[in-house]
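All heavy atoms count here, side chains included; hydrogens, waters and symmetry mates do not. Atoms within each ligand, like the ligands themselves, are counted from 1 in listed order. If you're wondering where the values come from, they're calculated on a predicted model, not measured in any experiment.
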Amino acid sequence: MLETIKQTAEYLRGQIKGEMPRIAIILGTGLGNLVDHITDKQYIPYSQIPNFPISTVEGHSGNLIFGSMSGKRVMAMQGRFHYYEGYDMKQVTFPVRVMKELGIETLFVSNAAGGMNKEFRVGDVMIITDHINLFPENPLRGKNYNELGPRFPAMTEAYDENLIAIADSIAAEKGLRLMHGVYVGTPGPTFETRAEYEYFRVIGGDAVGMSTVPEVIVANHASMKVFGISVITDLGGKEIKEVPSHEEVQKAAIKAQPVVEGLMKEIVGRC
Ligand code: HPA
């Protein structure tokens, strides 16, 4: 495992023109257009990167993008690997290992999520303050490499409080409605039953989605700072009659995109 990480990082180092970034962004549903705000872009297709998982989704060509945003060098993942696609947890989180090896210190993640918190509305943007891991496997299961991080890493401050404070002050300045909440990570690909949305709310969740938690666990294992954002694309619970669909999720995520983009750009500039 250590060798494959080093090999991939070595390949990327040979490809990257310009300074190495310290900031990485995983562009989830609802943040794809953030790419438009990256200048001097260099695209490296996942298919060309040694040891990178092979993308299974048709027409979903993934790329690593290197460039500049808000005056900072950044590395962005256009397309992530989801557990529900059939990747194992080591594959899902491999890019985060490579980021660390390349010198990334701060990871920004975004996703679309269903809202259980009764204050939430479709289109709301939620800063992830904490998560509940309901994936059937932890990405750190198996042999621990001390070079990568400790056997039993703490997850009590999985999301950086400084970055959350910066986001809050930006939201206050711009008059944005910015929610805070706990993200429940599930394997998918089913959306929840009404009872499951209710259950996730009762156990302390505000939003639920099918990604992010594996990457955040590995980033914390590797001592990276993490900032996460969810776009609330649908609502779930006992009394919610609407049925979530992929189309609705995408539509709502696209609508919220300008807010998320503005926020991300600003935080990157200030971090
Ligand atoms: N559940 C799980 N994942 C999701 C949802 C949801 O309601 N919305 C967007 N991603």
**Message:** Within ligand 1, which atoms have a heavy atom of Ala112 less than 4.0 Å away?
**Reply:** 9 (C), 10 (N)
**Asked** Should you measure from each heavy atom of Tyr197, which atoms of ligand 1 turn up under 4.0 Å away?
**Response** 1 (N), 6 (C), 7 (O)
**Intermediate values then yes/no, side-chain contact (heavy atoms from CB on, under 4.5 Å), Leu178 and Ile170** = CA-CA 10 Å; Leu178 191 57; Ile170 294 165; over 6 Å; no
**Item:** For Ile203, the rest of its hydrophobic cluster, which grows through side-chain links under 4.5 angstrom
**Value:** Tyr84, Met116, Ile132, Leu134, Val182, Val184, Phe191, Tyr197, Tyr199, Phe200, Val208, Met210, Val249
**Message:** Please check if the number of heavy atoms outside Arg151 that lie under 6.0 Å from its CZ is greater than 12.
**Reply:** yes
Return the residue, atom name and 0.1 Å-rounded distance of the protein heavy atom closest to [atom].
atom: atom 9 (C) of ligand 1; result: Thr233 OG1, 3.4 Å
atom: atom 3 (N) of ligand 1; result: Gly209 CA, 3.4 Å
atom: atom 1 (N) of ligand 1; result: Glu192 OE1, 2.6 Å
atom: atom 8 (N) of ligand 1; result: Asp234 OD1, 2.7 Å
atom: atom 5 (C) of ligand 1; result: Gly114 N, 3.3 Å

**Message:** Go through it in stages, so that I can follow the logic: the residues are Leu235 and Val122, the test is side-chain contact (heavy atoms from CB on, under 4.5 Å), and I'd like the CA-CA distance, side-chain angles, deciding distance and then a yes or no.
**Reply:** CA-CA 7 Å; Leu235 300 173; Val122 169; 4.0 Å; yes
**Request:** Decide whether the shortest distance between a heavy atom of Pro244 and an atom of ligand 1 is less than 4.0 Å.
**Result:** no
**Message:** Please confirm whether Gly236 approaches ligand 1 to less than 4.0 Å, judged on its heavy atoms.
**Reply:** no
**Asked** Which is it for Val208 and ligand 1 at heavy atoms under 4.0 Å: side chain, backbone, both or neither?
**Response** both
**Asked** Do side-chain atoms of Thr186 reach the backbone of Gly209 as a donor and acceptor pair under 3.5 angstrom?
**Response** yes
**His180-Asp206 side chain donor-acceptor pair, cut-off 3.5 Å** = no
**Request:** State which residues pass ring pair (Phe, Tyr, Trp, His ring centres under 6.0 Å) with Phe120; sequence neighbours excluded, sorted by chain then number.
**Result:** none
